[in-house]
**Student:** 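Please find one structure pasted underneath; my questions will follow.
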Amino acid sequence: MEASQSSTQAAMLRVADMVGALIEFWGFKHNMGRLWCVLFLHKEPMSAEELRQFLSVSTGTISTTVNELQRWQVIRKANVPGERREYYEAETNIWAMVSRVFRERELGEIQRSIALFGEARKTFEAAKAPDNATELEFADERVKELLELSKIGEALLSGLLQGDSIDSSPLALFKPPKA
């Protein structure tokens, strides 16, 4: 039984490492993906100490990672009757987690870029003079392209988050600036 248990734990750790790599690629810490995944793969909630032992990491790493994951609402405290230690369980609605990140992080960045690109275009327009018109027109045209692409991204991401059908045809029509 113990050999089976150790091979099962090894398989879970391989899955957790892969999720950690995916999460890291998405800009989060590797251990955030690993810890969430271990909780996701376990039927019962786990304590911080159980997580520490399973993942072979320090108490500090567990504490920091648990706090970050709770902030993103991808794990939560679980009530285990008769236990004084805190236990944790994973959010199992993967789309809820992904859409929260898209809404709070990616959509926010796109909206900030739209605002900045719009401001830059106004600045270029106001600063045009005969001696710099060609250069500013060139820069303005490039920023206009970035603005258009950002607006397409915003529309696609907003539609995805609202559960609307997504029309990707604006991407096919998008023409990058000429060199």
Side-chain angles (χ1 to χ4, degrees), residues 1-117 146 149-168 170-171:
M1 178 76 171
E2 193 152 321
S4 173
Q5 191 175 25
S6 67
S7 66
T8 301
Q9 182 172 341
M12 285 184 173
L13 284 171
R14 285 193 305 276
V15 171
D17 284 338
M18 187 71 246
V19 171
L22 290 168
I23 292 300
E24 190 173 29
F25 180 76
W26 216 18
F28 292 97
K29 295 177 184 164
H30 187 82
N31 277 327
M32 291 172 74
R34 293 179 75 225
L35 192 147
W36 172 83
C37 185
V38 167
L39 289 173
F40 184 74
L41 295 175
H42 278 83
K43 186 175 182 176
E44 300 299 323
M46 296 177 74
S47 70
E49 179 57 22
E50 290 169 330
L51 287 164
R52 187 195 67 71
Q53 289 177 10
F54 196 93
L55 292 168
S56 299
V57 295
S58 71
T59 302
T61 297
I62 291 295
S63 177
T64 301
T65 306
V66 162
N67 288 334
E68 289 176 287
L69 292 173
Q70 285 180 307
R71 186 174 53 81
W72 279 101
Q73 300 172 14
V74 298
I75 69 167
R76 61 186 161 271
K77 289 181 182 177
N79 184 27
V80 177
E83 285 290 334
R84 293 179 58 173
R85 292 187 289 179
E86 291 182 341
Y87 282 76
Y88 303 94
E89 61 188 1
E91 166 65 63
T92 58
N93 183 334
I94 295 173
W95 176 244
M97 293 185 307
V98 169
S99 63
R100 188 177 306 113
V101 172
F102 279 164
R103 191 174 297 103
E104 293 179 20
R105 209 174 66 168
E106 277 72 8
L107 189 57
E109 282 300 310
I110 290 171
Q111 291 168 337
R112 281 187 288 283
S113 70
I114 289 170
L116 185 134
F117 297 151
L146 292 170
L149 184 59
S150 295
K151 287 181 178 180
I152 291 169
E154 179 186 38
L156 290 172
L157 190 52
S158 293
L160 180 69
L161 290 169
Q162 294 170 12
D164 297 340
S165 61
I166 306 298
D167 177 15
S168 63
L171 285 174

**Student:** Not counting sequence neighbours, which residues clear side-chain contact (heavy atoms from CB on, under 4.5 Å) with Ala21? List them please.
**Tutor:**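 If we apply the side-chain contact (heavy atoms from CB on, under 4.5 Å) test to Ala21, skipping adjacent residues, the hits are Met18, His30.
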**Student:** Trp36 vs Phe40 aromatic rings, parallel, tilted or perpendicular, using cut-offs 30° and 60°?
**Tutor:**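 Trp36 vs Phe40 ring planes: parallel.
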**Student:** Asn67: what forms a side-chain contact (heavy atoms from CB on, under 4.5 Å) with it, not counting sequence neighbours?
**Tutor:**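 Ser63, Gln70.
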**Student:** Could you give the distance from CG (Leu69) to OH (Tyr88), rounded to the nearest 0.5 Å?
**Tutor:**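 These two atoms lie 10.5 Å from each other.
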**Student:** Sequence neighbours excluded, which residues qualify as side-chain contact (heavy atoms from CB on, under 4.5 Å) partners of Leu156?
**Tutor:**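 For Leu156, the residues satisfying side-chain contact (heavy atoms from CB on, under 4.5 Å) (neighbours in sequence not counted) are Ile152, Ile166, Leu171.
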**Student:** Could you state the interatomic distance from CG (Leu161) to CG (Leu157), rounded to the nearest 0.5 Å?
**Tutor:**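 The CG atom of Leu161 sits 4.5 Å away from the CG atom of Leu157.
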**Student:** Kindly write out the residues that satisfy salt bridge (Lys or Arg N to Asp or Glu O under 4.0 Å) with Glu109, not counting sequence neighbours, or none if the list is empty.
**Tutor:**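 Counting only residues at least two positions away or on another chain, Glu109 forms a salt bridge (Lys or Arg N to Asp or Glu O under 4.0 Å) with Arg112.
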**Student:** Tell me, please, which residues at least two apart from Glu86 pass salt bridge (Lys or Arg N to Asp or Glu O under 4.0 Å).
**Tutor:**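 Expected list: Lys77.
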**Student:** Tell me every residue that passes salt bridge (Lys or Arg N to Asp or Glu O under 4.0 Å) with Asp17, counting only those two or more places apart in sequence or in another chain.
**Tutor:**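 For Asp17 the salt bridge (Lys or Arg N to Asp or Glu O under 4.0 Å) partners, ignoring immediate neighbours, are Arg34.
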**Student:** What pairs with Arg105 under side chain to side chain donor-acceptor pair (under 3.5 Å), at least two apart in sequence or on another chain?
**Tutor:**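 If we apply the side chain to side chain donor-acceptor pair (under 3.5 Å) test to Arg105, skipping adjacent residues, there are no hits.
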**Student:** Going by the side chain to side chain donor-acceptor pair (under 3.5 Å) test, which pairs reach into residues 150-162, not counting sequence neighbours?
**Tutor:**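 For residues 150-162, and leaving out neighbouring residues, the side chain to side chain donor-acceptor pair (under 3.5 Å) pairs sorted by first residue read Gln111-Glu154, Ser113-Ser150.
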**Student:** Checking Ser47 now: which residues fulfil side-chain contact (heavy atoms from CB on, under 4.5 Å) with it, not counting sequence neighbours?
**Tutor:**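 Partners of Ser47 under the side-chain contact (heavy atoms from CB on, under 4.5 Å) test: Glu49, Glu50, Arg85, Tyr87.
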**Student:** Can you list, pair by pair, the side-chain donor-acceptor contacts under 3.5 Å of residues 92-99, counting residues two or more places apart and other chains?
**Tutor:**
| unit_1 | atom_1 | unit_2 | atom_2 | d |
| --- | --- | --- | --- | --- |
| Asn93 | OD1 | Trp95 | N | 3.2 |
| Asn93 | OD1 | Ala96 | N | 2.9 |
| Ser99 | OG | Trp95 | O | 2.9 |
| Ser99 | OG | Ala96 | O | 3.2 |

**Student:** If a pair satisfies salt bridge (charged side-chain N to carboxylate O under 4.0 Å, His left out) and one of its residues is in residues 18-33, list it, with sequence neighbours excluded.
**Tutor:**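 Every salt bridge (charged side-chain N to carboxylate O under 4.0 Å, His left out) pair that includes a residue of residues 18-33, provided the two are not neighbours, is Lys29-Glu68.
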**Student:** Who pairs with Phe54 by ring pair (Phe, Tyr, Trp, His ring centres under 6.0 Å), at least two apart in sequence or on another chain?
**Tutor:**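 Once residues adjacent in sequence are excluded, the partners of Phe54 under the ring pair (Phe, Tyr, Trp, His ring centres under 6.0 Å) criterion are His42.
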**Student:** Within the distance-only criterion (no hydrogens, no angle test), does the side chain of Arg100 pair as donor or acceptor with the backbone N or O of Trp72 below 3.5 angstrom?
**Tutor:**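 It does hold such a pair.
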